[in-house]
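Shown next, in structure tokens, is the structure this report addresses.
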Amino acid sequence: MNKQALETIAQAMVADGKGILAADESTGTIKKRFDTINVDSTEDSRRDYREMLFRTTEAMQENISGVILFDETLRQKAADGTPLSQVIADTGALPGIKVDAGAKDLAGHAGEMVTEGLDGLRERLSEYHGLGAKFAKWRAVINISDDLPSAACLAANTHALARYAALCQEAEIVPIVEPEVIMDGSHSVERCYEVTSAALTQLYAQLAEQDVHLEGTILKPNMVLSGTQHDAQAGVQQVAEMTIDCFKKCVPEAVPGIVFLSGGQSDEDATAHLDAMNKIGGLAWKLSFSYGRALQAAPLKTWLGETGNVTAAQAAFAHRARMNGLAAQGQWDAALEG
Ligand code: 13P
């Protein structure tokens, strides 16, 4: 393991004022996104849409440290023949790759999932390294209900995350470890805190057991939020304070950065929460973003698959990237949303 190379990549992923664009929707998920704007999902339409984002040059240079890609995109060429990974690298951002094979039903545990994809992962990582990937992502899904998650769900998912992370580091690829506690449900913010703490505690125990070099990893967690169907929704300051409190207890200081998923929050909530956490300050790790929907919802709605809308869609993406770049430094203000 080349620890120094891993640490250098991990630190670049959380450089000041920068975060990650998650553009690694699987073929099924991007189709669902395109369905909302009545655009057919084809190899070309997916390429055109993603190329549009990656060529939003100033935002990419200023606020995006890396882009998570789906396998298809890492192999695709832009309309002018340049590999999309090169288009990204030309902006100074790092190309990354989603390597899990998706969350599947966990045997014997109704309502729970386990992420697959370890078989053959060493060979795939070696190929991805050759294709220019500097980091990878693996997402575990943890649902909350009165009696979920089960111990089996947490054990299976954190074990898989740790084995994935160890394989990544062997291939000189920085693993983003993503244990996503899902926000859907009627649970309270306190219950989300409890489950997030349990997931993170087990995750770091498993990472230690597999001898993963924490300085060469990035954590991608959920924020501590009220369930979407819960009556009383925790406010921005409470979310920020509870999330920070949870991480201080569960995330080792050796971890260089924490990049949040947006998980279905509104664009502005995702930005406001990140900003409020950074305004608290005095933290051991960098706190930034790795948003999919909270960066892409606005440009997707503006684009509508029309070439004539590209400039406006790029402006919408640039705005969200800038707002989140400010939030990553605790310098955002709602008035900037205009
Ligand atoms: P969202 O920000 O839309 O939750 O997506 C981030 C991601 O990459 C989930 O794995």
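As the structure lists them, so they are numbered: ligands from 1, and atoms in each ligand from 1. Residue numbers start at 1 and run along the sequence shown.
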Throw together a table of side-chain donor-acceptor distances under 3.5 angstrom for residues 134-142, partners on residues two or more places apart or in other chains.
residue : atom : partner : partner atom : Å
Lys137  : NZ   : Asp24   : OD2          : 2.7
Arg139  : NE   : Glu180  : OE1          : 2.6
Arg139  : NH2  : Glu180  : OE1          : 3.0

Would you tabulate the polar-atom pairs, meaning N/O of ligand 1 against N/O of the protein, with distances under 3.5 Å, reported to 0.1 Å?
residue  : atom   : partner : partner atom : Å
ligand 1 : 2 (O)  : Ser262  : N            : 2.8
ligand 1 : 2 (O)  : Ser262  : OG           : 2.5
ligand 1 : 2 (O)  : Gly292  : N            : 2.8
ligand 1 : 3 (O)  : Arg293  : N            : 2.8
ligand 1 : 3 (O)  : Arg293  : NE           : 2.7
ligand 1 : 4 (O)  : Gly263  : N            : 2.7
ligand 1 : 4 (O)  : Arg293  : NH2          : 3.1
ligand 1 : 8 (O)  : Lys137  : NZ           : 2.8
ligand 1 : 8 (O)  : Lys220  : NZ           : 2.7
ligand 1 : 10 (O) : Lys137  : NZ           : 2.5
ligand 1 : 10 (O) : Glu178  : OE1          : 3.0
ligand 1 : 10 (O) : Glu178  : OE2          : 2.9

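- With hydrogens and angles disregarded, no donor-acceptor distance shorter than 3.5 Å links the side chain of Asp40 to the backbone of Thr42.
- Under 3.5 Å, the side chains of Arg320 and Thr271 contain a donor-acceptor pair of N or O atoms.
- The aromatic rings of Tyr49 and Trp303 sit tilted relative to each other, their planes meeting at an angle between 30° and 60°.
- Side-chain contact between Val255 and Trp285: present, with at least one pair of heavy atoms (C-beta onward) separated by less than 4.5 Å.
- Using a 4.0 Å cut-off between charged side-chain N and carboxylate O, Glu127 and Arg124 make no salt bridge.
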